[in-house]
**Q** 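Could you have a look at this structure, given as structure tokens, before my questions?
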Amino acid sequence: MAAHTDAPSLDWAKGWTCVTFTRDLTAEEVLTRYGADLSRSRLLDAEQSSELPTGNFARAVSLLRSGRLGDWAFCIEEDGVIGSWPEPLAALSRDTETYSVLTTEGLDIFQYWRDGECVESFEPNMPDTDHTGA
């Protein structure tokens with residue numbers, strides 16, 4: 001972490017969070033490949049989205065927050081795991097590549113998908129984890 005980084009800005013990296021990074025897609029394309037209904041999406045900043053219900057309190061399956069940085073689109077799910085499932089990852093990585101990082105209490109999973117196929121999947125710091133495609 002850079003010396004000037006504000007630690008609270010890394011709150012998204014705490015437990016029960018799933019983040020995907022996909023090359024060369026727009027934020028809208030990411031949401032569509034997740035299976036989200038774009039007619040229900042709206043622009044919110046971090047403070048506004050923090051007021052929405054998540055986890056057991058949400059009426060939807062998961063709250064998806066998507067954006068883009070350079071060539072990479074991201075999607076953050078707090079209290080969600082959809083971005084770690086094979087079907088959305090296959091769709092996200094179709095004709096491109098996607099990284100998925102899931103962190104929960106007691107389970108952390110890193111996955112790398114390319115062209116609809118899992119290339120790498122493992123649990124960091126777990127010596128018996130298979131480091132090949134799932």
Side-chain angles (χ1 to χ4, degrees):
M1 175 175 9
H4 65 277
T5 301
D6 182 19
S9 69
L10 300 176
D11 283 348
W12 66 268
K14 294 191 291 192
W16 290 103
T17 301
C18 187
V19 181
T20 57
F21 302 93
T22 304
R23 185 187 299 274
D24 296 331
L25 293 184
T26 66
E28 294 79 12
E29 288 172 315
V30 166
L31 293 175
T32 299
R33 291 188 186 199
Y34 262 84
D37 179 357
L38 289 182
S39 70
R40 295 182 61 197
S41 68
R42 57 193 164 161
L43 290 174
L44 301 173
D45 63 25
E47 183 178 331
Q48 292 168 317
S49 67
S50 71
E51 297 171 5
L52 296 174
T54 61
N56 294 332
F57 303 106
R59 291 182 182 192
V61 174
S62 190
L63 172 65
L64 304 174
R65 293 177 28 208
S66 184
R68 186 173 167 121
L69 294 169
D71 292 340
W72 293 88
F74 61 87
C75 189
I76 301 170
E77 297 174 82
E78 295 176 32
D79 298 322
V81 298
I82 295 171
S84 68
W85 296 349
E87 295 82 8
L89 288 171
L92 283 167
S93 67
R94 188 179 61 248
D95 298 322
T96 188
E97 59 186 330
T98 298
Y99 294 90
S100 170
V101 180
L102 171 68
T103 179
T104 68
E105 292 177 23
L107 178 68
D108 299 311
I109 299 174
F110 172 87
Q111 296 181 69
Y112 171 61
W113 286 65
R114 186 175 50 234
D115 294 323
E117 299 289 328
C118 183
V119 176
E120 188 83 21
S121 179
F122 64 92
E123 293 179 56
N125 299 318
M126 295 297 290
D128 295 330
T129 300
D130 181 10
H131 290 270
T132 60

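Given the structure is predicted, the values throughout are model-derived calculations rather than measurements.
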**Q** Which atom pair, heavy atoms only, marks the closest approach of Y34 to G83?
**A**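 Smallest interatomic distance, heavy atoms only, reads OH-CA, 3.5 Å.
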
**Q** Output all residues satisfying side-chain contact (heavy atoms from CB on, under 4.5 Å) with R94, sequence neighbours left out; order by chain, then residue number.
**A**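 R94 satisfies side-chain contact (heavy atoms from CB on, under 4.5 Å) with R33, A91 once adjacent residues are dropped.
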
**Q** Looking only at non-hydrogen atoms, find the nearest pair between E77 and L64 and report the distance.
**A**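 The answer is CG-CD2, 3.3 Å.
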
**Q** Tell me, please, which residues at least two apart from T32 pass side-chain contact (heavy atoms from CB on, under 4.5 Å).
**A**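 T32 satisfies side-chain contact (heavy atoms from CB on, under 4.5 Å) with L38 once adjacent residues are dropped.
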
**Q** Rounded at 0.5 Å granularity, tell me how far OG1 in T96 sits from CG in D115.
**A**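 Between atom OG1 of T96 and atom CG of D115 there are 8.0 Å.
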
**Q** Once you round to the nearest 0.5 Å, how far does CZ of R68 lie from CG of L25?
**A**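 Reported to 0.5 Å precision, the distance equals 7.5 Å.
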
**Q** Any side-chain heavy-atom pair from W113 and L92 closer than 4.5 angstrom?
**A**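 Contact flag for W113/L92 side chains = no.
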
**Q** Which atom names give the shortest non-hydrogen contact between C75 and V30, and what distance separates them?
**A**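 Closest pair (atom of C75, atom of V30, distance): CB-CG1, 3.8 Å.
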
**Q** For atom CD of E47, decide whether the heavy atoms of other residues, nucleotides or ligands shown that lie under 6.0 angstrom number more than 12.
**A**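 No, because the 6.0 Å sphere around CD of E47 holds 12 heavy atoms or fewer from other groups.
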
**Q** Tell me, please, which residues at least two apart from S100 pass side-chain contact (heavy atoms from CB on, under 4.5 Å).
**A**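 Expected list: C18, T20, S84, L89, Q111.
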
**Q** Taking the side chain as C-beta and beyond, is there a heavy-atom pair between D108 and E123 under 4.5 Å?
**A**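 Answer no - side chains too far apart.
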
**Q** Any side-chain donor-acceptor pair under 3.5 Å between T98 and T22?
**A**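 Yes, because at least one side-chain N or O of T98 sits under 3.5 Å from a partner of the opposite role on T22.
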
**Q** Rounded to the nearest 0.5 Å, how far apart are CG of L31 and OG1 of T26?
**A**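 Spacing of CG (L31) from OG1 (T26) equals 8.5 Å.
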
**Q** Go through F122 and F110 one step at a time and tell me if the ring pair (Phe, Tyr, Trp, His ring centres under 6.0 Å) criterion holds.
**A** CA-CA 6 Å; F122 64 92; F110 172 87; 5.3 Å; yes

**Q** Does R114 have more than 12 heavy atoms from other residues, nucleotides or ligands lying within 6.0 Å of its CZ?
**A**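 Incorrect, the count does not exceed 12.
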
**Q** Any chance you could measure I109, atom CD1, to L107, atom CG, to the nearest 0.5 Å?
**A**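 The distance works out to 4.0 Å.
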
**Q** Looking at Y112 and E97, what are the two nearest heavy atoms and their distance?
**A**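 Closest pair (atom of Y112, atom of E97, distance): OH-OE1, 2.5 Å.
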
**Q** Any donor and acceptor pair, going by atom type alone, linking the side chain of S93 with main-chain N or O of G116 inside 3.5 Å?
**A**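 Yes; at least one donor-acceptor contact below 3.5 Å.
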
**Q** Show the nearest heavy-atom pair for residues F21 and F74, with the distance to one decimal.
**A**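 Minimum heavy-atom contact is CD2-CB, 3.9 Å.
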
